[in-house]
Structure formats: C-alpha cells, structure tokens
Colleague: 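Below is a structure I'd like to ask you about.
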Amino acid sequence: MGGSERAGREGEQLALVGQAARTAPRARPRTWRNAPLAERLPVARVLVDKGLVHLDRLFDYAVPAAMDAEARPGVRVRVRFGAGQRDGRREGGRLINGFVVERRADSDFPGVLAPLAQVLSTEPVLSPGLLRLCRAVADRYAGALADVVQLAVPPRMARAERQPSPPAPPPPAPPGPGGWSRYPSGPAYLAALARGEAPRAVWTALPGPHWPDELARALATALAAGRGALAVLPDGRAAARADAALTALLGPGHHVLLTADAGPEARYRRWLAVSRGAVRCVVGTRAAMFAPVARLGLVALWDDGDAAHHDDRAPQPHAREVLALRAVQEGAAALFGGLSRSAESARLVETGWAGELAAAREAVRAAAPLVRTVGDGDQARDPAARAARLPTLAWQAVREGLARGPVLVQVPRRGYVPRLACARCRTPARCAHCHGPLAAVGAAEVLRCAWCGQDAPGWHCAECGGARLRAVVVGARRTAEELGRAFPAVQVRTSGRDHVLGAVPDRPALVVSTPGAEPVPEGPGYAAALLLDGWALLGRPDLRAGEEALRCWLNAAALVRPQAEGGTVVVLGEPTERAVQSLVRWDPAGHARRELADRSFLGFPPVARMAAVSGSPEAVAGLLGSLRLPASAEVLGPVPLPVAEPGRPRRPGDPPAGERWERALIRVPPGHGAELAAALKSAQAGRLARREGPPVRIRVDPQDIG
DNA sequence: AGCACGCCGACT
DNA sequence: GTCGGCGTGCTC
C-alpha cells in the first residue's frame, strides 16, 4: 500500500476526470466492484439531507450505469456518507437520503468518488428553481440548505407518486374586477396582472366579507394570463375561505388547497400535481410558500403580521420574506394584503418595492363599523354593568347589539408575559441606551434591560416623566364569563385555540373568542363587537405590541356590520393610545407608517436587521469572539435568558431545563443583513468544525426580542 | 454528529 | 507482537 496506492488513486481520478472511466474506481463497496459507470455525465452532485451548517455544501458521487437513466437532477437518492476514508480504501458509511442536484462530466473532488447507493424515486422533486429559492432562504437566515429543502419538499409518499396527475386545464377566462373597483388603483393592478406584468402592491383590504373573493380574482387573473399563482394565508380557516372563493369563481380543477388538514398523502398528491405542472394555482398555509408553481406570475400573502407566517422549524423563515424573494427571483407579481398593515409591509411601500393598494377614505367609512373607546376614567354607573365589571358604554353596546344580531366579545389569549410600564401613562419602560424592554430582576427588583443588560437606576418615563412602574395585568376572560351572567337570556358561545367555532348564525348570541379564532358570522356581520382589555394587548413588552393589538382589533372589527347598518365596536383602551386612535379612524396604513418611523429612529427591525445568538455563556462568548462582523454591526449583551418556567410549554429555542443560557443581539443597518447572516454562518461552521464547545443557536429576525 | 484512523500503554 | 484506550479530523 502506501506510496504506490497513492499514485494509483491519482491515476484513477485522472481517468475519471478524463471521462474514460469505464471501470469503477478500485476502492468502493464490494457490491459495486467492477460495476460500470454511466458513460455520459458519470458524476452526480448531491445535496445530502443533513442540516449541519459545517457540511452545508454539495458532494459528488459516481453514477453507476444501471442508474444512469433514473439519476436525473431533482430526484431523491440514497448515498453512503460519513465513514472515514484512508489510503483510498472505503468501507461502509451510513446510508442517508439526498437529492441529485446536477449531473456532471467531472468532479473537482480530489479523491475517489463513492457511487450512488440507490435512486429512491424518479420524481424530480427538487427543481433548479426550487433549489435556488432554498439556497437564497438559507443564506438570508444563516441556515443550512438541507434544512430549508426539508421545509420545501414534503416527505415522499410512494402511493401518491404512483398515481398520474390529471392533465392541466386550459387557462380560465379572466374574471371581472369584482370588488377591486372599490379601490382606486385596483382595476389598474388587475390589468397589469392580466398583461403578464409583475406589479407589487401592499393591499389594505376594506372591512367586510369580500376580501377572499378579491384575493381569488387576483389569482384568477394571473392564471388567465397563462401564469401560475400562489396565495399563503395564516391558518386553515383563512385558507379555506380563499379556497371557497376561488372555487366559486373558477370551479374545481384550477387550483389546490395545501394545508395540514388534508393529511400527508393527500397533501403530497396535491403537491405533486403542482410540481408536475398539472395545477397552476396554490392556496395554502405557510408551508405552501415553497410550492413549486410553474411559471409563477403572482405571489399573494394574507395578513403578514400574523405570527403563524413564521415557521418554527430551522431556520424559521417568514412567509413574507420567502414570497418577496420568490417575486424577485421568479419575476412574479406580489400582493401582500390584510385588514391591517405590518411595519414590514409599510417598509416595502416606503422603499418603493411595492405600491400601495388602499381604498379612499369615504369607501373605508362606508364599510367600517362605528368604533368607540372606553378609557380607564369611565365609570360603570349602571348596576348591571358594574356587576359585569364593564363600563356603561360597553354594556350598552352589547345590549343594543343583541337586539339585532350576534355580538362578538374578544378576550386576550393567556400565555403572554407582561412586563413593566409607567404606572401613570402606561408607556412600556425601555432602556435609555438601546431602547430594549426593562424587567425587574431578582428579589431586590433591580431594573435591568433585557437586551443589553445595563441597569436602569432612577428610571423615569420618557413620555410623562413618571417614576413609578406597574406590572401590566390580565384578567379579561372572567369579565367575559360574567358578561354572560349580565345577559342571562342570551346564548353564550366561545371560540378559542382548542375549540374554534367555524361560523355563527345571524341571530342574537354572545360570541366570546380569543384573537384569531373569531367565527365568521353568517349574514351581514356581527351587530357589535366588544374588544376587551386593550391594556393586556398593548402592555406586552414586545416591540410589536401596538401593531399586534391593532391587527387583532381590526380582524375582529372587520366582521362587524358597517356603521350605516348599526355596526358598533367598543374597545377598552386609552383613547390617547396610538393603536386605539388608529382603530377609531380605521387607519392601519397611517399606524404602520408611524410605527415604521419610530422603529427606524430607535434602530429596531425592520429598518435594522437583527440576529440573536443564544446558548451557554461560554458558547455565546466563543461565537462572538470568532465572529467577523461588518463594521456597522452593534452587539447588545449578552444577557442571561430567563430560566424555563414550569407552567409554560417549552418551545424550540428555549434553553434545556436546568441550564442557564445567555443571549446576545446583533443589529446591522439596512443593506447589511446578508453580510451579517454570512458572518454568523461561517463563525458557526468554524466552531462546529473545530469542536469549540457546545453549539449556539442563531436566529435571524428573532421574534421574541421584546 | 458519527465514525474510523492512529499512536500510546498492558496484555499474551 | 497485538489489543484497544480515546484524541483528531473527515465526510464525495
């Protein structure tokens, strides 16, 4: 062995490179000895299905002649991977799954290539376009390509693959503009879609039940222009509404619904129909954001502020970011719609990436209910109202509404952790150095920033100068229960995360629901809605608290009849609060603009790009030490993370029980996000390769930085 | 992460 | 002279 073996190996490699490789490399598993290689393109470049950042590259394998026809780009294969190799002798290695990415004439790998072990399926599921998208998403989030591909390509179901997909129907006739006439630039947007252009718009939908039909018309217009279309909605119920609207418009056969409800096999069958080009239009929840729609002409997203658009599997991509990448990569139009508007969408408008698609003031006023506020100062003079712990105005609105139809009562979800706010004006307490949220630490209740860890002795409210703090309190569910007692003759129905009510009939009833679970009323809409405990929503330490409160309120209030038909909404919240004012004026766009301006001033996302690095103190320090950051980057912390509470369910990303973890935040100005992600990825890869202690968790665009 | 290679000390 | 400890480095 030794020297002569080495020379022989190089000879073989040269032979392989020179594509005269009729004989297999000598050192290969027994079963392949003397098996011939494919004559043309004998090398397969393979993405191995291992989400390890330091292995985040492609590997070359030899293609046996017997697999030549089947080992096409995009198919699933099994390969031996992981065993060490010495002196050209190769034994074993574990069988793992992967995807053929490319067939090549040669390899730049200096050693001997192992052969593909098996072609699992001839279905080309990872197309070049999908691979390009996955790679862009992985780069954006400092994640591993294999992790993203796992989100994008559903697991194989052999039975579904055996069935042929029905032939694609011809494009439908273009639909009329329908409700889009209610928006000044609506018909022009549809016309651009119909011409096959790629207009991008942030759409603030009018309140009421028409948005699913409008969304469907936009999708159908792209289809009629001979292109594909994709709509992502936050949950199965919203997706079902869009699905029903599309079926009403086009009939069946033109689109598929991709949601978790269908079950794995049916879902894979539908996904295959899309992948094979038999269906050109997809409606679904967030996993559908990767659906390989052919000749994509439109990506649509509904309610991008909903947290459900954030995938919780690594690297936690957000549907808005993925669809925005697709719109650019695939030259598709984009329609980001909702009843409210996120600061991120506002930024897309501000930077000119998207235009604005909103109705005129009069149209908004005609469609929206009357919104009234009840502040802390209002007293409950009516005894019945006092019994329900409700201000008079709220009690009256419920009573009058119940005379005409169902009344919605929105109560906040439990599970959020309120922190500190000014006792006088309730502005959340923030750090003077980095504007992070303040928290009381330890028994001595030292005030400390949860982001940068600096103490804040002698805190004073930036708004009103107040010096006293209060914890923000919850407790509205009981109010809703007592509400039922205040109206004993009325049926009370509840809808929440575990028991979501689909629809409610158009007759008097009290419908108590948590945000996002509101039943859609049959008929003209709720007669009234009561939005309880604005303090709980607004007092959250999250920097999105105001935006999120307004989003929840608008989604509920949009189910109420217009003011002209008696629709009334009462919100319990201080009338001076920005989110409350924006609800009263029904001005989500203005609210989002002001939110964005504030966040820009404070150096918050989405104007700044942030990443969180968490793990043991040593690991975090180690990573920060080896990180080559852009000069403009700013490191906040690290600070200790709160230890897991016994009551709260553990989510991925939480520290393991009993371990104390730290977290550092890194922020960069606009335009440096890609640099930051690349730096994080290479630092992480280096640490893992050199085995420098335990790994750290890296999150780009962390959600819980409040 | 696995997993194999390889260079060191206790055994046949 | 050989077995096997776990430190080190690669995975086509």
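Letters go in sequence order (proteins before strands), and every chain restarts at 1.
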Colleague: Just how far, in rounded Å, is P of B:dG2 from CG of A:Leu95?
Modeller: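 A:Leu95 atom CG is separated from B:dG2 atom P by 15 Å.
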Colleague: Whole Å only: how far is the CG atom of A:Asp56 from the P atom of C:dT11?
Modeller: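 Taking CG of A:Asp56 and P of C:dT11, I get 16 Å after rounding.
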Colleague: Looking at A:Arg135 and A:Asp56, is any side-chain nitrogen of the basic one under 4.0 Å from a carboxylate oxygen of the acidic one?
Modeller: no
Colleague: For A:Phe109 and C:dC10, give me the distance from atom CZ to atom P, rounded to whole Å.
Modeller: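 A:Phe109 atom CZ is separated from C:dC10 atom P by 11 Å.
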Colleague: Starting from P on C:dT11, measure out to CZ on A:Arg78 and report it in whole angstrom.
Modeller: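 The answer, rounded to whole Å, is 21 Å.
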Colleague: So that I can tick it off, tell me whether A:Arg286 and A:Asp306 are bridged by a salt bridge, with the cut-off set at under 4.0 angstrom between side-chain N and carboxylate O.
Modeller: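 No.
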Colleague: Return the value, rounded to whole Å, for the distance between atom CZ of A:Arg80 and atom P of B:dC3.
Modeller: 12 Å
Colleague: In whole angstrom, give the distance that lies between atom CZ of A:Arg57 and atom C1' of C:dT11.
Modeller: 7 Å
Colleague: Could you tell me which residues satisfy salt bridge (charged side-chain N to carboxylate O under 4.0 Å, His left out) with A:Arg159, sequence neighbours excluded, listed by chain and number?
Modeller: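 Only A:Glu265 meet the salt bridge (charged side-chain N to carboxylate O under 4.0 Å, His left out) criterion with A:Arg159.
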Colleague: Do A:Glu330 and A:Arg326 sit within salt-bridge range, that is, some charged N less than 4.0 Å from a carboxylate O?
Modeller: yes
Colleague: State which of B:dC3, B:dA1, C:dT11 makes the closest approach to the side chain of A:Arg94.
Modeller: B:dC3
Colleague: For A:Leu58 and C:dT11, give me the distance from atom CG to atom P, rounded to whole Å.
Modeller: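 That distance rounds to 15 Å.
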Colleague: Can you tell me how far P of C:dT11 sits from CG of A:Asp60, to the nearest Å?
Modeller: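 Taking atom P of C:dT11 as the reference, CG of A:Asp60 is at 12 Å.
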